[in-house]
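Counting from 1, the numbers follow the sequence of the chain as shown. Since the structure is predicted, the reported quantities are computational estimates derived from the model, not experimental observations.
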Amino acid sequence: MNITKNIGTTDRAIRGVAGIALIALTVTGNLGPWGWIGIVPLATAILSWCPAYTLFGFKTCKD
């Protein structure tokens with residue numbers, strides 16, 4: 001399986017911050033259990049790869 005990076009730096013930062021914020025709000029009890037969905041943007045930020053971008057042919061990183 002070949003995973004080619006398709007998420008740029010700015011996109012990664014936004015996903016990372018959003019993911020951490022959702023998880024933190026859930027852990028502190030300020031958000032319901034659906035906040036664990038923050039794992040998804042955090043994982044895509046760490047991997048620099050988004051499966052949805054692959055499906056739709058998007059790419060925000062520079063080659």
With hydrophobic residues grouped by side-chain heavy-atom distances under 4.5 Å, do [X] and [Y] end up in a single group?
{"X": "Val17", "Y": "Leu22", "result": "no"}
{"X": "Val40", "Y": "Trp34", "result": "yes"}
{"X": "Leu42", "Y": "Ile14", "result": "no"}
{"X": "Ile46", "Y": "Trp36", "result": "yes"}

Atom [atom1] in [X], atom [atom2] in [Y]: separation rounded to 0.5 Å?
{"X": "Lys5", "Y": "Arg12", "atom1": "NZ", "atom2": "CZ", "result": "6.0 Å"}
{"X": "Asp11", "Y": "Cys50", "atom1": "CG", "atom2": "SG", "result": "8.0 Å"}
{"X": "Arg15", "Y": "Ser48", "atom1": "CZ", "atom2": "OG", "result": "10.0 Å"}
{"X": "Ile23", "Y": "Leu31", "atom1": "CD1", "atom2": "CG", "result": "11.0 Å"}

Item to check | Any residue meeting side chain to side chain donor-acceptor pair (under 3.5 Å) with Thr54, in chain and number order, not counting sequence neighbours | outcome: Asn6, Trp49
Checklist entry - Should we count CG of Leu25 as having more than 12 external heavy atoms under 6.0 Å? => result yes
Checklist entry - For the residue pair Thr28 and Asn30, what are the closest heavy atoms and their distance? => result OG1-ND2, 3.0 Å
Checklist outcome for this item: In short, Gly19 meets Pro41 closest at the heavy-atom pair CA-CG, 4.0 Å
Checklist entry - Other than Tyr53, what residues sit in its cluster of Ile, Leu, Val, Met, Phe, Trp and Tyr side chains whose heavy atoms are under 4.5 Å apart, directly or through others? => result Ile7, Leu55, Phe56, Phe58
